Every structure is written in C-alpha cells, then in structure tokens.
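Below: the structure, in structure tokens.
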Amino acid sequence: EVVRLWSGRSQMELMLKKYLNIKDVIIVPGNVDNDTNTSMLLSQEAAKYLESILLNEHIIAVTGGSTIASISHAMTESSRWKDLLFIAARGGVGKDVRLQANTIASLFASKMNGSYRTLYIPDRLSEEAYMTMKKEPFIQEMMDLYERTNIIIHGIGDALEMAKRRNSSDEEIELLRSRGAVSESFGYYFNNQGEAVHHIRTIGVQLNQLQHIEHLLAVAGGAKKANALISYFKQAPLQTVLVTDEGAANEMMKVI
Ligand code: F6P
C-alpha cells in the first residue's frame, strides 16, 4: 500500500476524484478494451469494494451490462450475509438475457445468500403501458424498494454503443446524435455537459432517486469509455465511487 500511495495510479486516483467531484476513484492496471485480465481485475476490485460497504439487510439495486454481470461472478460465495435483497434497477434490455439486470440480481443473490426481486417488463414502454404499469401493485412495491435502496451498482456506456445494443431506431439514433449524446446510464443519455438529453421511458430507478442513495458504485473501464465517463460524471451524485482502469483513466487525464 505504501508503494501504491506514491505510484502513478494513486496520483491519478486522487486527481480524478477531484476532477470528477466524487467520493472516490479506484483504478486497476491495464485497459479492458484489449486485455481480458483487466476485466477480471476490474470486477474483483468492484466486488471487494462492495463487500467492504455491505451490511446485513441491505437492499442492493443492480443495472445490466457486461461489467456488472462480471462483478456478480467475481463475488466470493458466502453464507455470512443475512437478508440481503438484490433488485433489478431496470427492466430487460436488448436480447442477451445474461446481461440483463434481472439475471444479474439473481446471480448476486445466489452467491451471497440473499434473495432477489426482478422486473419482468420490457425496458422500453409506450406512454400508455407506462401509465398502466405504474398502477400495478408489484411495480409499486419495486418503486418503494428503490426508495429504500442502500447501494446501487451500475454501469456507464457510450451513448451510441448503447443505442445500438438496444436496437434503437434510426430516428432515435439521429436524435441522440443531434443532441450530442455522449454517455448513457440508467436509461438516460447525457451530452458532454452532463445534461440528460434523452431518456427511455421505463420503470426502474429514476435519476432523481439517486441523490438519496447512500452508496453508488459505478464500474466502467476501457479507453473507449473515457468521454462517456467524463460526460456522466459532470452530473453524478457526489457519493459515487468509480472503479475503473488505467485505459480510461489515462484518457481522462488528457483533458484535465
Ligand atoms: O444496459 C445497462 C447498462 O448498465 C447501461 O446503463 C450501461 O451504459 C451499460 O449497461 C454498460 O454496459 P457494459 O458494461 O457492457 O459496457
């Protein structure tokens, strides 16, 4: 740790924490864009951090994506936790079940002796469906759980990459381009000033609910995500902790 204190990475952690204006930044060596070993380190570091803040009876909401999915795999199987509840922060996204918040919540729960609640509804809802769904008791229960959530673990993505992954229409992609969308998280798209320029109408954690959550753990790495990270952190709640890699950190440092 003493060595780490004076290493380049620790310096970068301090500088980025200040620049991004968040609680903490943890950087693992390498770049997930071209090194699978780094992906493993990233998820292990995120898993370790999660274990350090977890308390029995916590409610933990998780989003989807490959990064958060691999954290669930990196968690140490343990029966020492009591009454943890993992919930999906969002409905289903895209076609790959393995990357959906629902699946990831159940994986976390089985590893950590907890239970889980899912949101088996499409991620994207018409105005009509949204209004009807909101009145359903099981949805209201989920909304209530979001209000009581202690920890959120979430991914951050490049806006256009995410739009493609979601099979967004050409019109929607054009709209995102014209509004300068750079990053995406929680179904919200942000421009380079961190302004939400578009969002998917969905049941799930809403942006204004994040402020009240005690722990926000954002996990995203890779040089390709640097711009997306800078954009997202223009507006991120102060209590966020970012676990990232050198690939993303080095790129971000270029603009500081
Ligand atoms: O789709 C869920 C989500 O968390 C998005 O909000 C985010 O942009 C994306 O996944 C990140 O995905 P990945 O970890 O695969 O890059």
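Read the numbers this way: they start at 1 and go in the same order the structure lists the ligands and their atoms. Quick caveat: nothing in here was measured; it's all calculated off a predicted structure.
Relative to atom 5 (C) of ligand 1, the option among R165, E184, R166 with the closest non-hydrogen atom is E184. In this structure, of S183, S66, S70, G64, the residue bringing a heavy atom nearest to atom 10 (O) of ligand 1 is G64.
Side-chain contact check for Q209 and E147: at least one donor-acceptor pair (N or O, by modelled atom type) lies under 3.5 Å.
For ligand 1, the polar-atom distance check against I68 finds no nitrogen or oxygen pair separated by under 3.5 Å.
With respect to E161 and K224, no salt bridge is recorded, no charged nitrogen being found less than 4.0 Å from a carboxylate O. Of the charged side-chain nitrogens involved, at least one lies within less than 4.0 Å of a carboxylate oxygen, so that R124 and E172 count as a salt-bridged pair.
Interface of T63 with ligand 1, defined as ligand atoms under 4.0 Å from a residue heavy atom, comprises 4 (O). The atoms of ligand 1 that sit less than 4.0 Å from any heavy atom of F186 are 6 (O). Close approach of ligand 1 to G157 (heavy-atom distance below 4.0 Å) involves ligand atoms 7 (C), 8 (O).
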Indicate every side-chain donor-acceptor pair of residues 213-221 with a distance under 3.5 Å to a residue at least two apart or in another chain.
none

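Tracing side-chain contacts under 4.5 Å through hydrophobic residues (I, L, V, M, F, W, Y), one reaches L207 starting from L145; they form part of the same cluster.
Using the six-membered ring where Trp is involved, Y232 and F186 have ring planes that are tilted, between 30° and 60° apart.
Under 4.0 angstrom from ligand 1, there are no non-hydrogen atoms of L99.
Atom CE of residue M133 and atom CD1 of residue I121 lie 5.5 Å apart, to the nearest 0.5 angstrom.
Under the 4.0 angstrom criterion for non-hydrogen atoms, M162 is in contact with ligand 1. Residue contacts with ligand 1 include K225, since one of its heavy atoms falls under 4.0 Å from the ligand.
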